[in-house]
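Just below is one structure, and these are the notes that go with it.
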Amino acid sequence: MAEHGQHSVQHAAAGEFDNMELVHPKTFLGKYVWSQDAKVIAIQYGVTAIAIGLVALVLSILMRLQLGFPNTFSLIDPASYLQYVTMHGMIMVVYLLTALFLGAFGNYLIPLMCGARDMAFPYLNMLSYWFYLAAVLILMASFFVPGGATGAGWTLYPPQAISPGTPGIDGGILLMFASLSVFIAGFTMGGLNYVVTVLQARTRGMTLMRLPLTIWGIFMATVMALLAFPALLVAILMMLCDMLLGTSFFMPEMLNLGEPSAHEGGSPLLYQHLFWFFGHPEVYIVALPAFGIVSDILATHARKNIFGYRMMVWAIIIIAVLSFVVWAHHMFISGMNPYFGFLFATTTLIIAVPTAIKVYNWVLTLWRGNIRMTVPMLFAIGFIFTFVNGGLSGLFLGNVTVDVPLADTYFVVGHFHMVMAVAPVLVVFGAIYHWYPKITGRMLDDTLGKIHFWVTFLGTYAIFYPMHFMGFAGVPRRYYGYGETSYIPDSMQALNAFMSVAAIIVALVQLVFFYNLVRSYFHGREAGPNPWQATTLEWQTEHTPPRHGNFGAELPVVYRWAYDYGVPGAKHDFLPQNMPPEAVEADDTVPGRRS
Amino acid sequence: MSMTVSLVFLAVLMAVFGGWLFSHSVGVRPWEAQAAGSGQRQGLGGGQLPAAATAPRVGLAVFLAVATSLFALTVSAYLMRQEMAHDWRPLAVPGLLWWNTACLVLGSVALQLAWQAARRDQLPRLWRGLLVGGGFTIAFILGQALAWWQLQSGGITLAANPANAFFFLLTALHAVHLLGGLFAWSRSLFRLQQGATPAAVRQSVELCALYWHFLLVVWGILFALLLMT
């Protein structure tokens, strides 16, 4: 059944859209290390990102050990606790999620789903990965320099980021700046590829309104990242000048051990504006690809077209635009003009409208669908729950008057972990279970997948739900220990211990996932070209896994959108994008119905 | 609010992009399958960029958008820092900058002529255009360095005042972008040296010329900003 689209496929006339010259390397090194094939680069990105993500996972467990069982583990002192907080945040947001969604899924899926042979500039694409790897190595090196990694918090706020007393002031902060700069340079190279490939290298018939939503999500996220990362770069450069050359862009006049510092007049608030001009879009850089991937997983596994495709596309675009005018809601307590705060509260709440449209459309896609409870589907549905939960607490924090008492408490930690940590990570897992058969040619084990899903899903709720209550109780975030604090009840310590145990269980169950990845690679069930009976082009390739150049001798021609599931009157319940209308077999079991 | 500079840039960019997208999505019924060859907009060619928008040109355009974002944000920071504290002492912009500006204009013109020569397959004019263009650009960068040195020796140091610091930051950012351009320029030159035909380097010369025009416009804006504030 899966192959029935292959026979009737028509191809683009040779040379018309197929003028890309590919470098076909002969050596092992050329094929798998210095590769210019987007699919290999995708896997390099993915493996590196997950490896560095595991470091960040270990850091979070170390933090939980301290919080759940204070003063039990002597290796965790206050300075290293701050370093864990900082590195965990920065790695997870930038080096794991951004790199995984754009670098790994972007590279793998954009050429395949658009019907292109490869990225527009394969050499630059390769360079992008090597820059990313260098950035990761520089970041890791900061653990080993004297003084260790920086403990300034992932926001790296001046003045404390470069002032004496903050961990990592000797070398860690410099390596953080260097690593981020290299990351941004590398990302710009990759981002150019993603944008140009989507704009320029789509196959015949792949109109903008026929692009799968995965591509829309990754594309808009890349556009946002290309425009937002320069804000971080400028901020880093200016802070470097403050640190090394004695300028006062951000550094105010301060007394340090009674001695006045060399700086005067600098504005830490200026840094916050620049940082959050990058930082808030960054949230959506992580979220938009997740939105897109979830839409495709839901449609495929519910055998139903996505509800309101055009609305979904425009919601992605509107979210992308609005996310550039909400940055100051991270700064309500920074001392800025309160009227200014209300402006940003308003734009923040407006962003809930397109986001809610997306959630409704996902639920309506499931409505009366032929839902198959596969592992990717479980993760996708888990995402909807988690994203709604995290999004709702965002409505609290988006209001100035509610944010002021809740700022810097565990409520914030609970909120952003639900909405931009757990929710996108669930999509990452769903996407890996969904596309692993195409990448390796084998299916992942279903039972192990379901164990992985349920423990991860319920476990993350056990970790992050109680944080909201702790926030209401006023427990401040980022603290190494609470000691004797009169307003924090003892029950909070019991809650902390519970959350830590849950975190350890969730971390351990990821081993099941990695075992599944490795075992299935060798012993998994053969997947065939299209195990999920999906419509998009990556499932219609001649070979599984696809070879360099993706498609056979000719590129596919696209005749329809990506969501022709359960089309009335058609014999099969899905019509691949490259199936011409005249090749659609009518359903002769239903009298009087023609396609 | 000084962030307006960056927001206006983003708004213009998004409006252009959104308008283009709108023209390709309004009235389109994505759920309808289309037979081969029917319907321009919705049909097989729909949504493709015009033939003139080759991958390298689109790539350059995207990169220019990134660079514009970088400069717009730095200008925003400049204006914001000026408002936020009372320690801003404007510096007298060295007169040398006018000469440097003239160099950059001539460099841009020369590269435009080189592009023209490459299109018309005139090798000697291409050589001349490239060499003159690169020469004036190098003169511009050396001139900027000289202006830095003049300021430094006149006691206007980097750390003394935020106005000075921003002067050095903005000119340095701009010069770094030019150096990147010179790298691409030297590669075209090298290929010509190796015996490449004008047609073979036309694309890279074209990209260089467009990039130079962009950096000239950026310099014009930065220079005006430095003169006015």
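Below, read A as the first sequence line, B as the second, and so on, with proteins coming before strands; counting in each chain starts at 1.
- Annotation: side chain of B:Val28 is not in contact with side chain of A:Leu208 (no heavy-atom distance under 4.5 Å).
- Using a 4.5 Å cut-off between heavy atoms, A:Ile317 touches chain B through its side chain atoms alone.
- By number of non-hydrogen pairs under 4.5 angstrom with chain B, the leading residue of A:Gly265, A:Pro252, A:Gly266 is A:Gly265.
- Considering B:Leu13, B:Thr68, B:Val66, B:Leu70 as possible partners of A:Leu227, the one that fulfils the side-chain contact (heavy atoms from CB on, under 4.5 Å) test is B:Leu13.
- For the set B:Thr74, B:Asn164, B:Leu10, the entry with the most heavy-atom pairs within less than 4.5 Å of chain A is B:Leu10.
- Both the backbone and the side chain of B:Ala55 have a heavy atom closer than 4.5 Å to some heavy atom of chain A.
- Residue A:Ser248 touches chain B through both its backbone and its side chain, counting heavy-atom pairs closer than 4.5 Å.
- Most heavy-atom pairs under 4.5 Å with chain A: of the set B:Ser6, B:Gly59, B:Ala65, B:Pro162, this distinction falls to B:Gly59.
- With values rounded to the nearest 0.5 angstrom, A:Asp564 atom CG is found 12.0 Å from B:Trp31 atom CH2.
- Atom CD of residue B:Gln82 and atom CG of residue A:Leu270 lie 12.0 Å apart, to the nearest 0.5 angstrom.
- The line from NE2 of A:His273 to CG of B:Leu73 is 12.5 Å long, rounded to the nearest 0.5 Å.
- The candidate with the highest count of non-hydrogen atom pairs below 4.5 Å against chain B, out of A:Phe219, A:Phe250, A:Tyr271, is A:Phe219.
- Contact of A:Met251 with chain B is not made at all, since no heavy-atom distance falls under 4.5 Å.
- For the atom pair OG (B:Ser69) and CZ (A:Phe277), the distance works out to 6.5 Å, reported to the nearest 0.5 Å.
- Of the two parts of A:Phe249, the backbone and the side chain both hold a non-hydrogen atom closer than 4.5 Å to a non-hydrogen atom of chain B.
- Using a 4.5 Å cut-off between heavy atoms, B:Phe71 does not touch chain A at all.
- In this structure, no portion of A:Leu124 lies under 4.5 Å from any heavy atom of chain B.
- Within the 4.5 angstrom heavy-atom criterion, no atom of A:Val313 approaches chain B.
- Once rounded to the nearest 0.5 Å, the distance linking OG1 of A:Thr247 with CG of B:Leu169 reads 8.5 Å.
- In plain terms, the two heavy atoms of A:Ser267 and B:Met84 that are nearest each other are OG-SD, 3.0 Å.
- Inter-residue side-chain proximity for A:Phe324 and B:Met3 is flagged as unmet; no heavy-atom pair is nearer than 4.5 Å.
- Within the 4.5 angstrom heavy-atom criterion, only side-chain atoms of B:Phe17, from C-beta onward, approach chain A.
- A:Arg310 CZ: more than 12 foreign heavy atoms inside a 6.0 Å radius.
- No side-chain heavy atom of A:Trp561 sits less than 4.5 Å from a side-chain heavy atom of B:Arg29.
- Taking each heavy atom of B:Pro30 and A:Tyr309 in turn, the nearest pair found is CG-CD2, 3.8 Å.
- Closest heavy-atom contact between A:Leu245 and B:Ala159: O-CB, 3.7 Å.
- The distance from the CG atom of B:Asn161 to the CD atom of A:Glu264 is 8.5 Å, given to the nearest 0.5 Å.
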